[in-house]
Amino acid sequence: MKLWSQFFIPTLKESPSDAEIASHKLLIRAGLVRKLGGGLYTYLPLGLRVMQKLTQLCREELDRAGGIELWMPHVHPAELWEQGPRWAAAREIMFRADSAGDGKRGPKDPEFVLGPTHEEVITPLVRAEITSYRDLPKNFYQIATKFRNEIRPRYGLMRAREFVMMDAYSFDANDEASIKSYFAMKTAYEKFFARVGVTAIAVEADTGVMGGSFSHEFMVPAEVGDDDVIYCEASGYAANREKATSGLVPKDLADAAPVGATEKFPTPGVVTIAALEAAPYNVAADHQFKTLVYVGDGKPFLVILRGNDELEEAKLGALGFGLFRPATPEEIEPVMGAKPGSLGAVKGTIKDPAALAGVFADHAIRLIGNGVTGANTDGFHFRNVNVARDLAITKFGDFRRVRPGEPCPKSGQPLQSRRGIEVGHIFKLGTKYSEKFAAVYMDDQKQNHPMVMGCYGIGISRTLQAVIEQSHDNDGIIWPWNAAPFQVLICVLDPQLPEAMDLARKLAAAAESAGAEVLVDDRAERPGVKFKDADLIGIPLRLTIGGKGLKEGVIELKWRAQKDIAKVPVAEAEARVAAAVREAAAKA
RNA sequence: CGGGGUGUAGCUUAGCCUGGUAGAGCGCCUGGUUUGGGACCAGGAGGUCGCGAGUUCGAAUCUCGCCGCCCCGACCA
């Protein structure tokens with residue numbers, strides 16, 4: 001039992017001006033956190049208790065799934081990252097942690113970095129310690145602080161520079177075993193989020209800079225989320241928009257018959273899809289080829305899309321470049337022979353085709369028959385362009401952004417879209433890291449093989465905020481039972497009455513022996529203040545002991561999530577409270 | 001990093017356009033009256049107006065630079 005007067009819950013009537021979304025405002029108003037700087041937060045006692053709840057639930061589910069907890073350093077030698085496969089991409093978000101201000105290794109090369117995640121630490125450890133198939137599989141995890149110098153911290157704990165994350169790493173002897181580990185983790189995640197009391201759905205996801213073969217994200221549906229989830233209720237298909245595909249292009253699509261030879265025609269001043277759609281050209285966007293130039297690891301490459309499609313940049317990750325970005329106009333002209341707006345990939349028209357790392361085309365361009373594309377001469381386009389006959393394509397792939405309403409790749413029904421907060425991510429990594437760090441094991445035939453890895457993350461502090469975002473009303477937070485900092489709040493309206501505080505202690509003891517944690521509001525405040533604060537901090541079960549009720553011989557029992565108040569005779573109160581606690585705990 | 005905004009007491013803010021002694025509400029302290037949904041009265045403490053230059057007799061207010069924070073984009077748990 002905690003007495004409010006001896007605890008620290010600094011509630012606020014008004015929201016600080018820098019909070020935009022409900023959960024961020026409530027985090028601060030309910031006294032859970034305070035900001036130190038952009039993306040940096042102190043966890044006040046109440047917030048810390050929630051964090052500890054989530055941490056413990058996570059630990060229990062991972063242990064049950066065979067996870068082995070350890071603790072890794074947060075200061076990493078930068079050299080370790082240089083040896084890893086993603087230094088170029090990762091260093092942009094890493095804080096440097098040099099021992100001297102200027103660093104030993106020159107102004108550009110940090111000596112130490114703060115860990116944003118731990119593949120680069122766990123893999124060398126496993127390499128050194130695990131060498132036999134007899135010691136596999138293993139799944140190590142930690143729940144610890146992570147540091148990422150986010151370009152734009154946002155929404156309180158939602159995207160912070162320092163945050164708490166569970167990160168796990170599985171090591172298996174082969175692909176089949178690794179997939180088993182992967183799905184065991186998926187199940188553990190589902191149990192974790194269910195126990196927390198938050199709705200998080202698994203969706204197919206892009207692997208991003210992490211690399212690997214496949215991946216799921218766990219999304220809490222919320223308007224304020226950073227990600228778009230594309231889904232189909234009929235088939236159950238759900239994917240991050242970055243990864244989502246649609247059934248737009250039939251598998252057996254036959255190329256349209258060419259109506260004639262390609263023909264160059266003048267288009268002075270026309271450099272946009274829209275301008276070609278307009279008179280006098282009147283070429284529908286879906287009959288145009290859109291030619292984009294990117295630079296991957298220093299070498300330009302082309303991406304060809306339908307004119308009415310958008311590039312889904314994340315999908316370029318499948319091409320295998322370490323870093324890629326849009327090319328600048330200055331980079332484009334020497335290679336292509338024209339400025340952006342007149343570009344195309346018709347055979348023989350590219351000025352310096354040898355400079356290109358490839359021409360990558362979205363499948364959907366196969367829907368275009370006799371289309372229009374730039375001629376790589378400023379002010380000219382080609383018409384009657386056909387994919388198979390006229391374009392030099394290195395490779396087809398899925399590069400376009402899916403739009404809601406397109407057919408689901410499984411059911412053919414229209415796809416839908418909604419926003420989500422990413423609270424967890426699981427990756428089947430493969431051997432990308434184990435090969436790089438030589439984490440190999442010997443099999444029973446004395447053969448060495450790289451271990452097959454998976455890696456897994458849950459944003460614990462982000463989940464905390466996602467719970468609030470998903471579970472609140474105008475008055476405050478509504479904590480699910482298992483995430484609540486306390487499960488029972490006893491409001492003593494007249495704490496100066498000895499019999500009131502005596503009863504509060506008895507009820508607290510009853511609730512505690514039934515398994516709840518109890519906060520007693522014994523402050524010398526007016527009832528209105530106590531009720532407002534009670535609603536704000538959102539403890540699931542509220543008991544009210546007031547002078548009036550005591551005269552009638554009753555206390556009140558109210559669930560935060562419900563409106564109605566039950567009056568309970570004092571004589572039955574202890575038993576009723578204990579029963580309510582047991583019932584709620586059983587349901588949670 | 002690009003675009004937009006903003007910075008006045010612990011919190012929310014007025015004042016800035018049109019330069020002239022810095023105001024309010026909440027919170028805090030003292031006393032009193034209150035006591036079942038953020039009470040009332042009286043008194044009080046609390047400000048280098050983000051920092052630095054400049055213009056001016058005089059700058060919270062005008063100009064320039066810097067910094068912090070917030071929002072939109074790229075990145076992520």
Side-chain angles (χ1 to χ4, degrees), chain A residues 10-21 24-25 28-29 31 34-40 54 58 89-90 92-94 116-117 143-168 189 200 205-210 217-220 224-227 240 242 313-314 317 323-326 420-427 455-466 475-476 491-497 524-536 542 544-552 555-556 558 565:
Chain A
T11 58
L12 259 34
K13 276 191 197 176
E14 289 177 290
S15 305
S17 55
D18 58 8
E20 190 87 354
I21 64 172
H24 186 192
K25 290 177 183 170
I28 291 163
R29 285 192 55 212
R34 286 293 183 266
K35 184 167 74 177
L36 177 64
L40 302 170
L54 301 184
C58 183
E92 298 187 10
I93 58 147
M94 284 196 287
T117 169
I143 301 172
T145 304
K146 294 283 178 281
F147 301 89
R148 292 184 193 173
N149 196 1
E150 291 291 343
I151 302 161
R152 182 150 96 87
R154 205 184 332 206
Y155 293 158
L157 304 181
M158 206 71 98
R159 184 179 308 180
R161 288 195 163 105
E162 185 185 312
F163 59 98
V164 175
M165 180 169 115
M166 184 291 299
D167 49 318
Y189 273 41
D206 181 62
T207 53
V209 71
M210 197 66 83
E217 282 169 348
F218 284 76
M219 295 286 195
V220 173
V224 300
D226 282 342
D227 292 273
N240 190 310
E242 292 181 346
E313 213 171 66
L323 275 181
F324 55 85
R325 58 170 174 83
I421 300 166
E422 181 190 354
V423 288
H425 205 155
I426 57 180
F427 299 86
C455 72
Y456 315 90
I458 292 177
I460 300 288
S461 43
R462 183 181 282 181
T463 299
L464 188 163
Q465 187 167 348
D475 294 316
C491 285
V492 184
L493 300 186
D494 305 284
Q496 75 285 0
L497 294 178
E525 290 285 355
R526 297 167 59 85
V529 172
K530 296 192 177 202
F531 290 138
K532 286 290 183 189
D533 274 346
D535 289 343
L536 182 58
R542 187 183 88 193
T544 306
I545 299 172
K548 281 186 182 173
L550 286 182
K551 278 179 195 153
E552 294 174 40
I555 63 142
E556 287 165 12
K558 180 184 180 299
I565 296 172

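Residue numbering restarts at 1 for every chain, and letters A, B, ... go by the order of the sequence lines. Quick note: numbers below take in every heavy atom, side chains included, and nothing from hydrogens, waters or symmetry partners.
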**Request:** Could you check which nucleotide pairs with B:U18 in any of the strands shown, counting Watson-Crick or G-U wobble with both distances under 3.5 Å?
**Result:** none
**Item:** Any A:Arg526 side-chain N or O less than 4.0 Å from OP1/OP2 of B:A39
**Value:** yes
**Item:** Pairwise C1' distance, B:A59 and B:G54 [rounded to whole Å]
**Value:** 11 Å
**Request:** Send over the distance from A:Glu525 CD to B:G37 P, rounded to a whole Å.
**Result:** 14 Å
**Prompt:** What integer number of Å spans the P atoms of B:C76 and B:C17?
**Reply:** 46 Å
**Request:** Using atom NZ of A:Lys532 as one end and atom C1' of B:G36 as the other, report the distance to the nearest whole Å.
**Result:** 13 Å
**Request:** Would you kindly give the CG-to-P distance between A:Leu493 and B:U34, to the nearest whole Å?
**Result:** 19 Å
**Request:** In whole angstrom, give me the gap between the C1' atoms of B:A9 and B:C28.
**Result:** 11 Å
**Request:** Work out which heavy atom in A:Arg542 is nearest to a heavy atom in A:Ala534; give both atom names and the distance.
**Result:** CD-CB, 3.9 Å
**Prompt:** So what's B:G52 paired with, Watson-Crick or G-U wobble, going by both distances under 3.5 Å?
**Reply:** B:C64
**Request:** Please determine, for B:A45, whether a Watson-Crick or G-U wobble partner exists with both distances under 3.5 Å, and give it or none.
**Result:** none
**Item:** G-U wobble or Watson-Crick pairing nucleotide for B:C69 (cut-off 3.5 Å, both distances)
**Value:** B:G5
**Asked** Separation of A:Arg161 atom CZ from B:G68 atom P, in whole Å?
**Response** 9 Å
**Message:** Just to be sure I understand the rule, does A:Val529 reach a base, reach only the sugar-phosphate, or reach nothing, if contact means heavy atoms closer than 4.0 Å?
**Reply:** base
**Request:** Select one nucleotide: of B:C75, B:C72, B:G38, the one nearest the side-chain heavy atoms of A:Tyr155.
**Result:** B:C72
**Item:** Nearest-nucleotide comparison on RNA chain B, the residue closer to the 5′ end among A:Val164 and A:Lys548
**Value:** A:Lys548
**Request:** Go ahead and name the base partner of B:G58; Watson-Crick or wobble counts if both distances stay under 3.5 Å, otherwise write none.
**Result:** none
**Complete:** Taken to the nearest whole Å, CD1/A:Ile421 to C1'/B:C75 is 17 Å
**Asked** Between B:G25 and B:C51, how far is it from one C1' atom to the other, in whole Å?
**Response** 29 Å
**Protein-nucleotide distance (A:Asp18, atom CG; B:G10, atom P), rounded to Å** = 15 Å
**Message:** Closest approach to the side chain of A:Glu422, judged atom by atom: which nucleotide of B:G37, B:C76, B:G36 is it?
**Reply:** B:C76
**Asked** P atom, B:G15 versus B:G23: distance in rounded Å?
**Response** 15 Å
**Asked** Does a nitrogen or oxygen in the side chain of A:Lys13 sit under 4.0 Å from OP1 or OP2 of B:G27?
**Response** yes
**Asked** Of the nucleotides B:A77, B:G38, B:C69, which one has an atom closest to the side chain of A:Lys35?
**Response** B:C69
**Request:** Grab the OH-P distance between A:Tyr189 and B:A77 for me, whole Å please.
**Result:** 10 Å
**Item:** Nearest-nucleotide pick for A:Asp535, side chain only, options being B:C76, B:G37, B:A77
**Value:** B:G37
**Request:** For A:Arg148 and A:Phe163, work out which heavy atoms get closest and say how close.
**Result:** NE-CZ, 3.8 Å
**Message:** Go through it in stages, so that I can follow the logic: the residues are A:Glu217 and A:Ile426, the test is side-chain contact (heavy atoms from CB on, under 4.5 Å), and I'd like the CA-CA distance, side-chain angles, deciding distance and then a yes or no.
**Reply:** CA-CA 6 Å; A:Glu217 282 169 348; A:Ile426 57 180; over 6 Å; no
**Prompt:** Heavy atoms under 4.0 Å, any strand shown: does A:Ala19 hit a base, just sugar-phosphate, or nothing?
**Reply:** nothing
**Message:** Using whole Å, what does the distance between atom C1' of nucleotide B:C76 and atom CG of A:Asn240 come to?
**Reply:** 11 Å
**Complete:** Result for 5'-nearest mapping on RNA chain B, choosing between A:His24 and A:Ile151, is A:His24
**Message:** I want to check something: taking the side chain as every heavy atom from C-beta on, are A:Met165 and A:Ile458 in contact at a cut-off of under 4.5 Å?
**Reply:** no
**Prompt:** Going through the distances and angles, do A:Met94 and A:Asn149 end up as a side-chain contact (heavy atoms from CB on, under 4.5 Å)?
**Reply:** CA-CA 6 Å; A:Met94 284 196 287; A:Asn149 196 1; over 6 Å; no
**Asked** How is A:Gly424 classified with respect to the nucleic acid when contacts are heavy atoms under 4.0 Å: base, sugar-phosphate, or nothing?
**Response** sugar-phosphate
**Asked** Any donor-acceptor pair under 3.5 Å joining the side chain of A:Arg152 to the base of B:G3?
**Response** no
**Item:** Nucleotide paired to B:A39 in any strand shown, Watson-Crick or G-U, under 3.5 Å
**Value:** B:U33
**Message:** For a quick check of understanding: with a heavy-atom distance under 4.0 Å over all strands, which category does A:Arg29 fall into, base, sugar-phosphate or nothing?
**Reply:** base
**Request:** For A:Asp167, answer base if it contacts any base atom (sugar-phosphate contacts may also be present), sugar-phosphate if it contacts only those atoms, and nothing otherwise; contact means non-hydrogen atoms under 4.0 Å.
**Result:** nothing
**Request:** Take the angle between the ring planes of A:Tyr456 and A:Tyr189 and call it parallel below 30°, perpendicular above 60°, tilted in between.
**Result:** perpendicular
**Message:** Under 3.5 Å, is there any donor-acceptor pair linking the side chain of A:Arg154 to the base of B:C70?
**Reply:** no
**Asked** Side chains of A:Thr11 and A:Asp533: do they bring a donor and an acceptor to under 3.5 Å?
**Response** yes
**Flag, side chain of A:Arg462 to backbone of A:Met158, donor-acceptor distance under 3.5 Å** = yes
**Prompt:** Which pair of heavy atoms, one from A:Lys530 and one from A:Val492, lies closest together, and at what distance?
**Reply:** NZ-O, 2.6 Å
**Prompt:** Hey, does the side-chain of A:Glu14 have a donor or acceptor N/O within less than 3.5 Å of a partner on the base of B:G25?
**Reply:** yes
**Message:** I'd like the C1' distance from B:G10 over to B:G47, given in whole Å.
**Reply:** 12 Å
**Message:** Looking at B:G38 and A:Phe531: do their rings stack (centroid distance under 5.5 Å, interplanar angle under 30°)?
**Reply:** no
**Rounded C1' spacing from B:U6 to B:U13 in Å** = 13 Å
**Message:** Heavy atoms only, 4.0 Å cut-off, all strands: where does A:Ser15 land among base, sugar-phosphate and nothing?
**Reply:** sugar-phosphate
**Request:** Look at all strands and tell whether A:Ile458 reaches a base, only sugar-phosphate, or nothing, counting heavy atoms closer than 4.0 Å.
**Result:** nothing
**Request:** In whole angstrom, give me the gap between the C1' atoms of B:C66 and B:C11.
**Result:** 27 Å
**Fill in**
The Watson-Crick or G-U wobble partner of B:C26, with both key distances under 3.5 Å, is B:G10
